[in-house]
**Student:** 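I'd like to ask you about the structure that follows.
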Amino acid sequence: MPELIEVELYRRVVDRAVGRRIAGVDAPDAWFCKGVDPATLVAALTGRTLEGTRRRGKLLLVDTDGPVLGLRFGMTGRVLVDGAGPIERLEYSSGRDDPAWCRFGLRFTDGGDLALIDPRRLGGVELDPDEDRLGPDAATVGRAALRDLLARSQAPLKARLMDQARLAGVGNLICDETLWRARLDPARPAGSLTPAEVGRLHRHLRATIALLTERGGSHTGDLQAQRSRDGRCPTCHRLLLRRTVGGRTTYSCPHHQR
DNA sequence: CCGGATGTTCACCT
DNA sequence: GAGGTGAACATCCG
């Protein structure tokens, strides 16, 4: 699930726990603790109070009166506070809930808790993550900054937009939906966009993020509904082109996207 | 049974 | 240096 949109929903969930004090930490999976061993993580967080939450791209940051806790969700991670997640009616899970999938947890002194559930284990937790390894957040990036991060690059437009070090938060689904709405070919060299095209991309990037957030997730796009072999362009109903761009499966309309 | 999936990192090529 | 590819992680779904 997690792209920028989902992580923002998770941030609001974790925000419910701000002000609480950590009574205990569960870190049963050393592999899930990135750059720290579980014992160090437990010691660093126990007794701390949550002071606030932030998000940069797909990285969820939890400020405490001690270290900053970084939460990543990979492809299948989600977070629960006091057993509850975001108000998500389109949760795709088929009712599975294996306790072994809880990769990290906080117990609070008020009796509540936070749990990071991640079946595929592609997410992770980190202490004091290096936030500057990420580019500006895609939800708020300015037009000039977007222009600059695309300029002079021969890489495919899609690869550049999904390069988290240059622009943070855009995942495969948001990217395809945005480029379809902006009528831009994902394989175009990033640096080949005209100023008008950059403006269009900037407008559609923000509009698409806002729309999909309102609809409830990265998977609610119009193009997403056609993301299958015989998918067709929602606008002209021609068969969509399916190929790999920037290492990811990409759908686009060869008629509309240039 | 097989392939692919909303992500990231790293080794290894060109 | 810039890009590209494939592997790895573990599970579900078509």
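Lettering of chains follows the sequences in order, A, B, ..., and the numbering in each one begins at 1.
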**Student:** With Watson-Crick and G-U wobble geometry limited to distances under 3.5 Å, how should the secondary structure of DNA chain B be encoded in dot-bracket form, using | for bases paired to another strand and [ ] for crossing pairs?
**Tutor:** .||||.||||||||
**Student:** Whole angstrom is fine here: how far is it from CG in A/N172 over to P in B/dT8?
**Tutor:** 11 Å
**Student:** Which of these passes salt bridge (Lys or Arg N to Asp or Glu O under 4.0 Å) with A/E197: A/R188, A/R147, A/R203?
**Tutor:** A/R188
**Student:** Report yes if a side-chain nitrogen or oxygen of A/R227 is closer than 4.0 Å to either non-bridging phosphate oxygen (OP1 or OP2) of B/dT6; otherwise report no.
**Tutor:** yes
**Student:** Is a donor from one side chain sitting under 3.5 angstrom from an acceptor on the other, for A/T213 and A/E8?
**Tutor:** no
**Student:** Which of these passes side chain to side chain donor-acceptor pair (under 3.5 Å) with A/D137: A/R55, A/R56, A/K58?
**Tutor:** A/R55
**Student:** Check whether any side-chain N or O of A/R72 sits under 4.0 Å from OP1 or OP2 of B/dT8, and answer yes or no.
**Tutor:** yes
**Student:** Starting at atom CG of A/L223, determine the distance to atom C1' of B/dT6, rounded to an integer number of angstrom.
**Tutor:** 14 Å
**Student:** Consider the side chain of A/E6, meaning its heavy atoms from C-beta on, and name the nucleotide among C/dG4, C/dT11, B/dT6 that approaches it most closely.
**Tutor:** B/dT6
**Student:** Which nucleotide in the set B/dA5, B/dT6, B/dT9 lies at the smallest distance from any side-chain heavy atom of A/E3?
**Tutor:** B/dT6
**Student:** Using the P atoms only, state how far B/dG4 lies from C/dT5, rounded to an integer number of Å.
**Tutor:** 15 Å
**Student:** Less than 4.0 angstrom between a side-chain N/O of A/R248 and OP1 or OP2 of B/dT6, yes or no?
**Tutor:** yes
**Student:** Decide whether A/Y251 and A/R242 meet the rule of one side-chain donor and one side-chain acceptor closer than 3.5 Å.
**Tutor:** yes
**Student:** Report which part of the nucleic acid A/S153 touches: base, sugar-phosphate, or nothing (heavy-atom distance under 4.0 Å, all strands).
**Tutor:** sugar-phosphate
**Student:** So which heavy atom on A/P156 is nearest to which on A/V245, and how close?
**Tutor:** CB-CG1, 3.7 Å
**Student:** Would you say a side-chain N or O of A/W31 is under 4.0 Å from OP1 or OP2 of C/dC9?
**Tutor:** no
**Student:** Quick one: A/R120 CZ to B/dG4 C1', roughly how many Å, whole number?
**Tutor:** 9 Å
**Student:** Indicate yes or no: does A/R121 engage A/D29 in a salt bridge with an N to O separation below 4.0 Å.
**Tutor:** yes
**Student:** Check the surroundings of atom CZ in A/R143: do more than 12 heavy atoms from other residues, nucleotides or ligands lie under 6.0 Å from it?
**Tutor:** no
**Student:** What is the distance from CG of A/D176 to P of B/dA5, rounded to the nearest Å?
**Tutor:** 11 Å
**Student:** Is there a side-chain polar atom (N or O) of A/K58 under 4.0 Å from OP1 or OP2 of B/dT8?
**Tutor:** yes
**Student:** Counting just side-chain N and O atoms, does A/T76 come under 4.0 Å of either OP1 or OP2 of B/dA5?
**Tutor:** no
**Student:** Out of C/dC9, B/dT6, C/dG3, which has the shortest distance to the side chain of A/L122?
**Tutor:** C/dC9
**Student:** At under 4.0 Å, does any side-chain N or O of A/R121 touch on OP1 or OP2 of C/dA10?
**Tutor:** yes
**Student:** Using the P atom as the point on both nucleotides, what is the distance between C/dC12 and B/dT8, in whole Å?
**Tutor:** 22 Å
**Student:** If you compare all heavy atoms of A/R103 against all heavy atoms of A/D118, which two are closest, and at what distance to 0.1 Å?
**Tutor:** NE-O, 2.8 Å
**Student:** Quickly work out the A/H219 NE2 to B/dG4 P distance and round it to whole Å.
**Tutor:** 23 Å
**Student:** Using whole Å, what does the distance between atom P of nucleotide C/dA2 and atom CZ of A/R160 come to?
**Tutor:** 8 Å
**Student:** Which value, in whole Å, describes the distance between the C1' atoms of nucleotides C/dG6 and B/dG3?
**Tutor:** 15 Å
**Student:** Within this structure, what is the CG-to-C1' distance between A/L59 and B/dG7, rounded to whole angstrom?
**Tutor:** 13 Å
**Student:** Of all heavy-atom pairs between A/P186 and A/Q257, which one has the smallest distance, and what is that distance?
**Tutor:** CD-NE2, 3.9 Å
**Student:** How would you label the contact of A/G171 with the nucleic acid (heavy atoms, under 4.0 Å): base, sugar-phosphate, or nothing?
**Tutor:** sugar-phosphate
**Student:** Can you measure A/R103 atom CZ to C/dC9 atom P for me and round it to whole angstrom units?
**Tutor:** 13 Å
**Student:** Counting only side-chain heavy atoms from C-beta out, which of B/dG7, C/dG3, B/dG4 sits nearest to A/R242?
**Tutor:** B/dG4
